[in-house]
Amino acid sequence: MISENAKNAIYQAFDIESECIKEMKNYVNDEQFSKAVELLSNAVRIGAAGSGHSGIACQHFCHLMCCVERPARFISPAEAIHGATGYLQKDDVMLFASRGGKTKELLPILDICKAKGVKVITITENLESPLALGADVVIKQYVNRETDKHNMQGTTSTTALIVLFHALQAAIIEETGYVAEQFALIHPGGAVGERLNKK
């Protein structure tokens, strides 16, 4: 059997993350969220970038966008400065995810976006950071603490980021009038596809 401390850590993880999600609603800025939804709903192309856990979450974000027919691509910070930002054109949208807002791998991408006339959305905890100050829209990320006892692993912070992505997608579905029949066409696979495509 695992130790009592380990067992307690399991239940504490649920408590910490659920508390974070409940509290995060208090930090929602209607104006900034509305601008983000408008930009994402009308963009021809969407890019997203982050490093570490934020980057992995951004891959999920891009899939969410594709699922509501908003063409999106994760742009690796490593590849971005070696030509991958050629994907983005004037008036497209680039989303950055960085809890501290200072991720050095993302700053050159921000410069490229500004030079190309690409609209920038930044999700960060630090509203005074370079990635926030250089953005057209800033969405505040809130994190109470990570789930591990050292408060260092990207756990609660990743959950918080993904919930923000889910909120954006839910709003885009409403804003664009996206319907189940559209999703049925592009998602014929799996249990969801089977349910949506039943005659």
Side-chain angles (χ1 to χ4, degrees), residues 12-41 43 46-68 70 72-80 88 93-107 109-110 113 118-148 150-175:
Q12 287 169 1
F14 284 98
D15 292 339
I16 291 167
E17 295 210 6
S18 61
E19 181 181 320
C20 177
I21 293 169
K22 287 179 182 177
E23 292 176 354
M24 191 162 57
K25 285 198 298 185
N26 298 323
Y27 294 89
V28 171
N29 181 307
D30 286 344
E31 180 183 0
Q32 295 299 301
F33 254 90
S34 295
K35 287 180 180 178
V37 170
E38 185 176 358
L39 286 175
L40 294 167
S41 296
I46 298 166
S51 295
H53 285 94
S54 294
I56 293 167
C58 282
Q59 294 178 54
H60 173 59
F61 169 75
C62 290
H63 184 67
L64 285 173
M65 293 298 98
C66 288
C67 284
V68 290
R70 312 310 310 150
R73 172 186 169 181
F74 173 70
I75 300 178
S76 160
E79 301 302 327
L88 296 166
V93 176
M94 182 69 185
L95 181 143
F96 292 109
S98 170
R99 183 177 175 185
K102 300 177 181 178
T103 307
K104 64 180 181 179
E105 295 89 345
L106 302 182
L107 297 178
I109 311 173
L110 175 63
C113 289
V118 174
K119 302 297 183 183
V120 173
I121 299 170
T122 292
I123 299 181
T124 182
E125 219 175 11
N126 185 357
L127 302 185
E128 299 302 318
S129 63
L131 286 172
L133 295 174
D136 299 286
V137 178
V138 182
I139 293 176
K140 180 169 175 61
Q141 181 181 8
Y142 166 76
V143 183
N144 51 355
R145 61 160 290 124
E146 307 291 10
T147 57
D148 69 284
H150 303 297
N151 190 27
M152 63 182 184
Q153 301 292 331
T155 50
T156 310
S157 53
T158 303
T159 301
L161 178 58
I162 287 175
V163 169
L164 291 173
F165 290 156
H166 293 175
L168 286 170
Q169 193 214 39
I172 289 166
I173 288 171
E174 297 294 335
E175 190 67 14

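It should be emphasised that the depicted structure is a prediction, and the values quoted were computed from it without experimental measurement. For the single chain, residues carry numbers from 1 onward in sequence order.
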Check: Which heavy-atom pair separates L95 from I123 by the least distance, and what is that distance?
Finding: CD1-CD1, 4.2 Å

Item checked: Atom pair CD1/CZ of I109 and F96 - distance to nearest 0.5 Å -> 5.0 Å

Check: What closest approach, in Å, do A43 and R70 show between heavy atoms, and which atom pair accounts for it?
Finding: O-NH2, 2.9 Å

Item checked: Close side-chain approach of K35 and D136, heavy atoms under 4.5 Å -> no

Margin query: Under the side chain to side chain donor-acceptor pair (under 3.5 Å) definition, can you give me all pairs with a residue in residues 119-134, not counting sequence neighbours?
Written below: R99-E125

Check: Does E38 CD have over 12 foreign heavy atoms under 6.0 Å away?
Finding: no

Check: Atom CD1 in I46, atom CD1 in I121: separation rounded to 0.5 Å?
Finding: 7.5 Å

Item checked: Residue list, ring pair (Phe, Tyr, Trp, His ring centres under 6.0 Å) with H63, at least two apart or on another chain -> none

Next item on the list: Quick one: pull up OG1 in T156 and CD in E17 and give me the separation to the nearest 0.5 Å.
Entry: 4.0 Å

Check: Between M24 and A160, which heavy-atom pair has the shortest distance, and what is it?
Finding: CE-O, 3.5 Å

Margin query: Are T158 and I162 packed together at the side-chain level, in the sense that at least one heavy-atom pair is separated by less than 4.5 angstrom?
Written below: yes

Notebook entry, point to check: Is the CD atom of Q32 crowded by more than 12 outside heavy atoms at less than 6.0 Å?
Noted result: yes

Notebook entry, point to check: NE2 of H60 to CE of M65: how many Å apart, nearest 0.5 Å?
Noted result: 9.0 Å

Notebook entry, point to check: How many angstroms lie between atom SG of C62 and atom CD1 of I75, to the nearest 0.5 angstrom?
Noted result: 8.0 Å

Next item on the list: To the nearest 0.5 angstrom, please state how far the CD1 atom of I139 sits from the CG atom of N29.
Entry: 9.0 Å

Note to self: Under the rule for side chain to side chain contact (heavy atoms under 4.5 Å, CB included), what residues qualify as partners of E105, not counting sequence neighbours?
What the structure shows: S51, P77, T103

Note to self: To check you understand the geometry: which heavy-atom pair defines the closest contact between P130 and K102, and what is its length?
What the structure shows: CD-CG, 3.7 Å

Next item on the list: List in chain and number order the residues that pass ring pair (Phe, Tyr, Trp, His ring centres under 6.0 Å) with Y142, two or more places apart in sequence or in another chain; answer none if no residue qualifies.
Entry: Y27

Check: Looking only at heavy atoms, what is the nearest atom pair of A49 and L106, with distance?
Finding: CB-CD2, 4.0 Å

Notebook entry, point to check: Looking only at side chains, do E175 and S41 share a donor and an acceptor under 3.5 Å apart?
Noted result: no

Next item on the list: Please identify each residue that fulfils salt bridge (charged side-chain N to carboxylate O under 4.0 Å, His left out) with E174, with sequence neighbours left out.
Entry: none

Notebook entry, point to check: Is the side chain of D30 donor-acceptor paired with the backbone N or O of S34 at a distance under 3.5 Å, no angle test?
Noted result: no

Notebook entry, point to check: Side chains of T147 and Q153: is there a donor and an acceptor less than 3.5 Å apart?
Noted result: no

Item checked: G47 to L88 - nearest heavy-atom pair and separation -> N-CD2, 3.9 Å

Checklist line | By ring pair (Phe, Tyr, Trp, His ring centres under 6.0 Å) - contacts of F33 (at least two apart) | finding: none

Next item on the list: State whether the side chain of R145 and the backbone N or O of I16 hold a donor-acceptor pair below 3.5 Å, judged by distance alone.
Entry: no

